Amino acid sequence: MPELPEVETVRRQLEPVLLGHRLSSVSIADSRLTRPTSPQVVEQRLTGRQIVGVERRGKYLIFELGTVNWIVHLRMTGSFTTTDAGGREPETHIRARVVLDDGTVLRYRDVRRFGTWSLLDDVERDAFFSERLGPEPLGEAFDEAWLGTRLAGSRSTIKAMLLDQATAAGVGNIYADESLWRAGVHPARPAASLTGAEIERLIDALREALQQGIRRQGATLRDYRAPDGTNGAMQDEFAVYTREGEPCERCAAPVAKTRVAGRGTWFCPSCQDK
DNA sequence: CAAGGACCCTGTTTGC
DNA sequence: TGCAAACAGGGTCCTT
């Protein structure tokens, strides 16, 4: 489940491979990928373009192609792999292939076919992001004033608010649970009940969890792979996520699993305040 | 109108 | 043991 750290890892690996190169050929094997646009139209519009930027916004990858932006969301099981790197990449569920002008082959794999590719010009892109994404949690705009205002006007749980991409772009199930544990806040707490001190702690906790995820090149639970084919290592450092029954490393109480905001949720029932 | 649920998918896990 | 049902979850759309 690629979240901000996983997508940022993908971006950092793809940037040096793609930047400055042209797309010699593009073939898309899954018509779902580009809906509602047809794969043929997207193939034709991508082919021959030069990649002048490789960016990320929330969980979206943005390949800047001059007059158009190729925007990719990996959703649950999407991944890019570059070949020539030993040919060890999986052969199943390849939904698209891109060949660069230097012969590099970029493969797009997506078992569950939830991922999306779209082409937007700069105006469309800005509108697309501004109407659904809040600030980058690692950026300056994500501060106590912003989060405090959002939480104060909410009647849902803090976990649901963290998962809302309009609160902080790029947070998913893993980093929501990990940051709430770091902050010592129970995931089912009403968002509006957090104190100023808790909001400050949560901002720091979220940033730390995301930065740790980036340092560890993301978390590989099942499908996620970096473009060079390697696994992330963040799953080895989870404090609570998927660790039901194991001792909390802060207070030794067993980690509990429950369901919050419709998602599997792991937390320490002893040191995350209800 | 905010909030919760269904849905899209397919491979894996669970439960009878 | 075998097989069907449940589950996983990001984002969108629909309902409450």
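All values derive from a computational prediction rather than experimental measurement. Convention: sequence-line order gives letters A, B, ...; per-chain numbering from 1.
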Residues in side chain to side chain donor-acceptor pair (under 3.5 Å) contact with A:T67, at least two apart in sequence or another chain: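 In terms of side chain to side chain donor-acceptor pair (under 3.5 Å), with neighbours along the sequence ignored, A:T67 is linked to A:R49.
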
Sequence neighbours excluded, the answer for side chain to side chain donor-acceptor pair (under 3.5 Å) partners of A:Q217 is none

Got a sec, which pairs hit salt bridge (Lys or Arg N to Asp or Glu O under 4.0 Å) with one end in [range], sequence neighbours left out?
range: residues 17-40 of chain A; answer: A:D30-A:R113
range: residues 158-186 of chain A; answer: A:R150-A:D164, A:K159-A:D177, A:R182-A:E208
range: residues 249-264 of chain A; answer: A:R243-A:E249

Could I get a table of every N or O pair under 3.5 Å where one atom is in the protein and the other is in nucleotides 1-3 of chain B?
| unit_1 | atom_1 | unit_2 | atom_2 | d |
| --- | --- | --- | --- | --- |
| B:dA3 | OP1 | A:R155 | N | 2.4 |
| B:dA3 | OP1 | A:S156 | N | 3.3 |

Contact state string [nucleotides 10-15 of chain C, B base, S sugar-phosphate only, - no protein heavy atom under 4.0 Å]: BBS---

In residues 37-44 of chain A, what donor-acceptor pairs under 3.5 Å come from side-chain atoms, sequence neighbours left out?
| unit_1 | atom_1 | unit_2 | atom_2 | d |
| --- | --- | --- | --- | --- |
| A:S38 | OG | A:V41 | N | 3.3 |
| A:E43 | OE2 | A:I28 | N | 2.6 |

Scan for ring pair (Phe, Tyr, Trp, His ring centres under 6.0 Å) pairs involving residues 162-193 of chain A, sequence neighbours excluded, and state none if there are none.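 Sorted result for residues 162-193 of chain A: A:H186-A:F267.
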
Sequence neighbours excluded - ring pair (Phe, Tyr, Trp, His ring centres under 6.0 Å) pairs with any residue from residues 221-256 of chain A: A:F238-A:Y241, A:Y241-A:W266

Between the opening five pairs and the closing five pairs of the helix from B:dA2-C:dT16 to B:dC16-C:dG2, how far apart are the helix axes, to 10°? 70°

Hey, what are the protein-to-nucleotides 5-7 of chain C N/O distances that come in under 3.5 Å?
none

